[in-house]
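Before any comments, here is the structure.
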2 protein chains.
Amino acid sequence: MSNHARLRTGDQTLVREINLSVIMRRLLEHTSLSRASLAEVTGLNKSTVSSLVQELIDMSFVHETGLSFTGVGRPSMMLGLNPRAGYIVSCELGVDFISVLCANFGGEVVWRVKENTAGIQGRDEIMHHVLTLLRQAVDIGATRCPGSGGLLGVAVGVPGLIEQATGTLLFAPNLQWRDVPLRDIVSAEFGGVPVFVDNEANMAALGETLFGAAKGYNEVLYISAGVGVGGAVVRNGQLVRGTTGFASEFGHMTIDPDGALCNCGNRGCWETLVSQSAVIRLTRQAISAGRSSVLEALAGGDLNNLSIPLIVQAAVQQDAVALSVLEAAGRNLGIGIASLINAFNPDLVVLGGILSLAGQWLLPTVRAEVGWRALRWNAEATEILLAQHGFDACAMGGVATLLQAIVLEPGRYHPQNYL
Amino acid sequence: MSNHARLRTGDQTLVREINLSVIMRRLLEHTSLSRASLAEVTGLNKSTVSSLVQELIDMSFVHETGLSFTGVGRPSMMLGLNPRAGYIVSCELGVDFISVLCANFGGEVVWRVKENTAGIQGRDEIMHHVLTLLRQAVDIGATRCPGSGGLLGVAVGVPGLIEQATGTLLFAPNLQWRDVPLRDIVSAEFGGVPVFVDNEANMAALGETLFGAAKGYNEVLYISAGVGVGGAVVRNGQLVRGTTGFASEFGHMTIDPDGALCNCGNRGCWETLVSQSAVIRLTRQAISAGRSSVLEALAGGDLNNLSIPLIVQAAVQQDAVALSVLEAAGRNLGIGIASLINAFNPDLVVLGGILSLAGQWLLPTVRAEVGWRALRWNAEATEILLAQHGFDACAMGGVATLLQAIVLEPGRYHPQNYL
DNA sequence: AATTAGTTGGTTGGCACAACAAACAAAGAG
DNA sequence: CTCTTTGTTTGTTGTGCCAACCAACTAATT
């Protein structure tokens with residue numbers, strides 16, 4: 001309404017784009033449909049559907065998968081998204097690792113690699129590694145996904161603030177990077193191929209929406225508790241970014257105004273209570289205070305070895321310290337989630353990140369806390385589930401990002417040989 | 001994306017609707033434009049603009065306002081929204097008052113009334129009063145806004161949860177009402193006229209976006225601190241409602257997990273710290289604790305008479321108690337707003353409700369608190385302003401709601417004589 | 001004469017609609 | 001059992017409608 005940007009006007013091109021996208025979306029949902037059923041589902045005329053489908057087949061995004069003989073009448077030619085339309089390369093640039101994978105247009109991963117970068121210093125050196133791995137993935141994609149399209153696009157997920165307009169990494173506190181024009185760098189390397197750069201939580205959230213726990217939900221809150229606490233909101237399949245693209249920084253919501261100092265400068269941020277390091281700190285404190293725990297043995301006597309997987313292992317063994325720490329974390333998670341549920345009224349909250357490994361112990365506490373803290377009407381409308389993608393969440397989200405971009409605007413992402 | 005509802009497909013009707021709306025939106029923004037400049041601004045062809053404008057003139061939403069002689073060349077016929085297209089009746093159903101106003105299509109208020117309902121008991125009796133006042137407004141509109149269209153629609157704002165699909169008031173804690181089919185009741189009374197029912201904060205926020213402080217902003221957070229704390233989010237001129245329509249209940253965000261019990265059942269809700277009653281309570285406590293204040297005199301010796309206007313009056317006189325209470329309130333407001341800024345990344349936060357009377361004292365503290373608590377990138381992108389509409393915020397928002405509905409879908413709200 | 005505003009007549013490119021051809025299952029006749 | 005008929009469903013073809021576009025035009029002014 002108040003948008004001073006040029007409002008998109010309507011013309012036949014727009015109509016065509018919309019309808020092409022509608023067909024793609026339906027095929028993504030139902031995986032296999034005939035032209036006739038597409039006409040019924042979309043409300044479009046049969047002839048229109050035929051024309052649209054033909055165009056999508058010509059672009060190789062759709063293919064005929066075979067006849068279906070169901071009951072009387074002429075059998076229907078089933079249609080589906082064409083996994084061989086091309087391949088997608090996606091990358092998570094983590095704090096101490098680089099994870100790259102290659103997937104076909106059906107979202108099936110054909111290759112993956114994860115490289116530790118803890119020893120590597122310097123932005124340029126790391127970027128060099130990233131580009132090398134991407135090149136490798138692209139080459140492998142070319143041989144393992146033969147046929148039509150070639151490379152459709154590249155996605156990069158980063159733990160930092162991204163300026164969407166330019167695909168620039170503005171600031172990544174944990175990497176200590178600033179103002180890196182990631183999109184341009186990667187795009188230049190691969191002949192101008194479409195490149196999507198986004199915050200890791202955003203990508204992971206989109207991944208869960210297309211491939212994971214959030215499939216079919218309309219208003220999804222994704223919360224990733226790991227090194228820090230990241231968040232994302234997906235509304236009707238679209239990421240919600242705010243004006244400048246930095247929305248959903250839930251980790252720095254103030255939960256306790258006089259709480260511990262956060263490295264963002266604020267006090268009592270949510271992530272000082274529920275991040276990985278907070279949980280580990282609580283555990284260490286409990287043990288140092290004299291409470292006995294199997295964790296001492298599990299950590300080999302050195303409490304610096306404590307980690308979420310170890311704590312989970314202890315919880316499995318009914319270790320009292322682990323259980324009480326997880327319960328405290330669950331309560332704190334619940335407090336924040338209740339506030340967010342009141343603010344966003346989502347139909348689903350997805351809990352991701354490394355802490356979700358302990359989901360079995362966290363979820364009941366979170367649900368209980370939300371139950372009494374959130375407004376009844378809101379709490380009743382919301383489910384709370386664990387993320388389905390673990391380590392690959394972000395990289396899979398990159399695939400989802402590209403898939404979604406193509407499904408939304410198939411005409412714009414024509415397969416063409418960029419390399 | 002994941003929306004399983006029937007996706008809207010494109011056809012010529014859609015194109016026409018879009019373009020009609022684009023024209024209306026441009027005219028709403030710029031108030032006066034020629035066909036030629038509309039063509040330039042929208043990118044549409046001159047002939048197309050002529051055709052669209054003609055259709056809008058036929059519906060009487062647009063009219064020619066006179067020739068403009070600027071420089072050489074044929075003078076242009078200026079166009080604008082036609083204030084005489086019809087009139088709008090809007091109503092705020094408050095806890096102890098009913099406020100009704102009548103405005104023309106230009107948003108100019110031609111009549112208003114506010115009735116105290118503190119003495120009136122019972123839902124039916126109050127609804128009777130509402131309908132009587134609405135009828136009066138409709139009659140007055142008919143005489144004061146003569147000409148073309150007649151009654152365009154009715155808006156009703158309520159302090160409660162509204163189910164948008166049906167226009168039903170599900171629950172209004174302060175009115176103690178449940179399940180009242182407001183839209184049907186009002187629509188039936190006025191011959192099936194379009195009726196919009198919404199939460200008061202939502203309406204007020206939309207009012208500020210169209211007529212007030214938030215004009216021209218893309219992502220607006222509206223916060224109304226009064227009896228409770230209400231909120232709303234307006235993104236690109238559209239209200240954000242969540243899945244079931246209960247989003248933006250910021251008042252019940254947990255700020256202090258072990259804080260005071262809120263009447264929602266939770267502890268330490270934001271509104272236990274920054275609502276009208278919280279501020280008054282703090283003031284009373286300070287005075288009872290022996291701090292001297294001009295408020296004792298202003299309240300006529302009875303601290304039960306304390307009110308926000310009185311506290312503001314005391315602040316004007318540099319009263320220490322009033323100033324310190326307002327500073328505390330500002331800090332608490334800032335704490336919550338900082339969290340919301342991190343979560344929504346708005347370009348504007350609007351502070352409304354009765355507490356905004358003390359804006360002069362609150363704003364500096366709020367801004368300071370936000371400055372150090374919110375993430376730098378987010379804080380820098382956000383302005384914080386006071387609402388421009390005071391008592392009429394909600395009712396004016398109702399006018400805005402209808403105006404917006406018509407601007408978005410002019411074809412759907414053809415003036416027709418409902419009565 | 002130059003310039004800007006707005007209209008007119010014709011073209012293009014979408015979708016809807018209805019008739020049609022194609023491909024099958026089921027049922028009955030030989 | 002084979003062949004034919006019937007009925008059903010799929011998908012295509014040709015026509016008409018409608019909206020925007022384009023180019024040439026008229027209109028009104030400096």
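By convention in this document, chain letters (A, B, ...) are assigned in the order of the sequence lines, proteins followed by strands, and residues within each chain are numbered from 1.
Projected onto DNA chain C by closest heavy-atom contact, F69(A) and P75(B) fall at different nucleotides, the more 5' of which corresponds to P75(B).
dA23(D) atom P lies 12 Å from atom NZ of K46(B), rounded to whole Å. Distance CD (E55(B)) to P (dA19(D)): 8 Å, rounded to an integer number of Å. Separating the CG atom of N45(B) from the P atom of dT7(C) is a distance of 12 Å, rounded to the nearest angstrom. Separating the CG atom of L38(A) from the P atom of dA16(C) is a distance of 14 Å, rounded to the nearest angstrom. Here the P atom of nucleotide dT7(C) and the CG atom of L44(B) are 15 Å apart, to the nearest Å. The nearest whole Å value for the distance from the CD1 atom in I23(B) to the P atom in dG6(C) is 12 Å. In this structure, the CG atom of L67(B) is 12 Å from the P atom of dT30(D), given to the nearest Å. Following rounding to the nearest Å, L14(A) (CG) and dG13(C) (P) show an atom-to-atom distance of 17 Å.
Within the structure, every side-chain polar atom (N or O) of R16(B) is placed at least 4.0 Å from both OP1 and OP2 of dC18(D). When the side-chain nitrogen and oxygen atoms of T48(B) are compared with OP1 and OP2 of dC21(D), one or more of them lie within a distance under 4.0 Å. Under 4.0 angstrom from either OP1 or OP2 of dG6(C) there lies at least one side-chain N or O belonging to S34(B). Contact annotation: N19(A) side-chain N/O to dC15(C) OP1/OP2 distance is under 4.0 Å. Contact annotation: S50(A) side-chain N/O to dT12(D) OP1/OP2 distance is under 4.0 Å.
Under the side-chain contact (heavy atoms from CB on, under 4.5 Å) rule, L79(A) has a single partner from L38(A), T31(A), T65(A), L56(A), which is L38(A). Of the candidates T209(A), V220(A), D198(A), L239(A) forms a side-chain contact (heavy atoms from CB on, under 4.5 Å) with just one, namely D198(A).
A ring-centre distance under 6.0 Å is not found for F105(A) and Y87(A).
A donor and an acceptor atom, one from each side chain of S37(B) and S34(B), are located under 3.5 Å apart. R16(A) and S21(A) share no side-chain donor-acceptor pair at under 3.5 Å.
Contact annotation: side chain of Q12(A) to base of dA19(D), donor-acceptor pair present below 3.5 Å. S47(B) contributes a side-chain N or O that forms a donor-acceptor pair with the base of dC22(D) under 3.5 Å. Counting atom types as modelled, R74(B) pairs no side-chain N or O with a base atom of dT29(D) as donor and acceptor under 3.5 Å.
The listed nucleotides are dA25(C), dG6(C), dT12(D); the one nearest the side chain of R35(A) is dT12(D).
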